[in-house]
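Okay, structure first, notes after.
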Amino acid sequence: MACYLTTGKHMSIYWSVGTVLLLLAITAPTALLFGFGGAAAARSRIAPLRWVGQAYIAVVRGVPDIAFFLFFVIALDQAFEWVRHQVKCPDWEDPIRQGSDFIVCGIAKLPQGNAPQWVHETYGFFLAVLTFAIVFGAFAANVLFGAMRAVPRAQIETAEAYGMTQRQAFWRILVPQMWVYALPGLSNLWMVLIKATPLLFLLGVEDIVYWARELGGSKTARFTDYPHPDWRMWYFLALLVFYLLFTRVSEIALGRLMKRLTQGQATLGGEAQRKAA
Amino acid sequence: MSCWETLMDYGLRSVGIGERLLPRDNFTLCQQVTLIGSGMIWNIYFGTLALISGFFLATAVAVGKASNLRVIRKASEWFIFLFRGSPLFIQFFFAYFLFLSLKGVSPIFDPLSAAWLGALIVLFLNTAAYSGEIFYGALLSIPKGDLEAADAYGLSGWSKFRRITWPTMLRLAWPAYTNEAIFLFHATTLVFFSGFPAWRQKGDALYYANYFADKTFNPFVPYPILAGFFIVLTLMLVALFGLANRRLNRHLPKDRQSKMRLRMNLIR
């Protein structure tokens, strides 16, 4: 058994767990950045910028999310190639869309056709990260927008009374204080992000779902050297347990973080902590 | 071929009525709208049935989680944790392969590995867990005065639950439950991407949208069509749940009625 679980192909499933964790580690800050930008834009005083921010938040609502995932991967890929095409081959005559084909000039292709395998994989992974960041950025923007509004108005007024400019009040007063209001929403978002990682499979990245299907299956031609019946059920059970544990650990960790952040805040939680001490 | 003919051919394609072959090339806008719209039948089928059946289990789970009996409470807690703590996508995969292996045991389980029943069961359990948690939260925030008043009127047991506890719980949970319903309809798009085969290419809206995007390599037409359909569906749901919300709140003075607030939708 121990021998079976450490075969070369099983090593790739463990690696793909790493892929998932890497995705989470990269996506979370990127999405937060997108979200911060979106929220700041949505409450901007410049009308067009505000509209962009609000539209970004609004559009991602109301539509099934995997539709977004499926859409963005192709759309982003084509957008990159189109931009490169415009820059690198300005004197290209043929239309780019010919019937059902999307044709750009050779050197505009991404990644290059002769590039090694790992470049293709990294590019796919990069597209996936960008897609996740765009979709989750909108959710984060929504949370942060609410958190910025939750900071008591008096705090900003005090800052203005001290003669701070709009920009100073935003960076020195609003931003440090909003996190405690944003954390419940953000931790919820983190849970959702964890649970969205299996969708990587749909984006064409060889992640844990992919390997669980491959390794568990009995009839796939590439793995005939495992003469076992259909074990995919057990592989997915293992994945289920993995995700359950992961969410549970995150729950506990985020609970601790929340406790720390509430310290000394003018909220109900902070007040309760002060009294208990 | 006129658009009307396309509608006749493909309008009910997703349930197997009409033209057998999907269009292969020279896709018209009309074909895409018709087929994706036809796929919506499946989304509505899954969503509606799971929502209605899940509603009853959710009530039971919520009451169970608030129960004094340790066994029932623990069972409800675990049920909720199991379905809320893991991705729906993995649940679909696991259930599909579980049903496949059950199929080998006895032919009774045959329909389980088909999407119309198997996926429905998963969605039913999943939505029951999510709405069970919502209902549980509402159950805990029922005003104490309401329950004391019920006691004072001599209501107890089942009649107290039916007349006081349950309606109040629903009233408090309704805005959150609306969001859950919207979620559920969005989650139905996962069905045909998670192992459950689309038999004879009878798929849901996203299945067809993906088909067109793959064939034309142009995502900018089918996915916005899909988005349009879902926005319409969401608006209809909101209107329907708003009516129910009005009815649940009708005894309250105007200013205390809980407003329906729409919150963002996330993946589960």
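These numbers were taken from a predicted model, which means no experiment stands behind them. All chains are named by letter (A, B, ...) in the order of the sequence lines, taking the proteins before the strands, and each is independently numbered beginning at 1.
Heavy atoms closer than 4.5 Å to chain A are found in both the backbone and the side chain of B/Leu82. If you measure heavy-atom distances from B/Phe81 to chain A, the contacts under 4.5 Å come from both the backbone and the side chain. Of the atoms belonging to B/Leu98, heavy atoms from both backbone and side chain fall under 4.5 Å from chain A.
Options A/Leu237, A/Leu244, A/Thr247 differ in how many heavy-atom pairs under 4.5 Å they form with chain B, and the most are formed by A/Leu244. Among A/Leu245, A/Leu240, A/Leu239, the residue making the largest number of heavy-atom pairs under 4.5 Å with chain B is A/Leu240.
The distance from atom CZ of A/Phe236 to atom CZ of B/Phe93, rounded to the nearest 0.5 Å, is 4.5 Å.
Between A/Lys195 and B/Phe89 there is no side-chain heavy-atom pair separated by less than 4.5 Å.
For CZ of B/Arg73, the number of neighbouring non-hydrogen atoms (other residues, nucleotides, ligands) closer than 6.0 Å is greater than 12.
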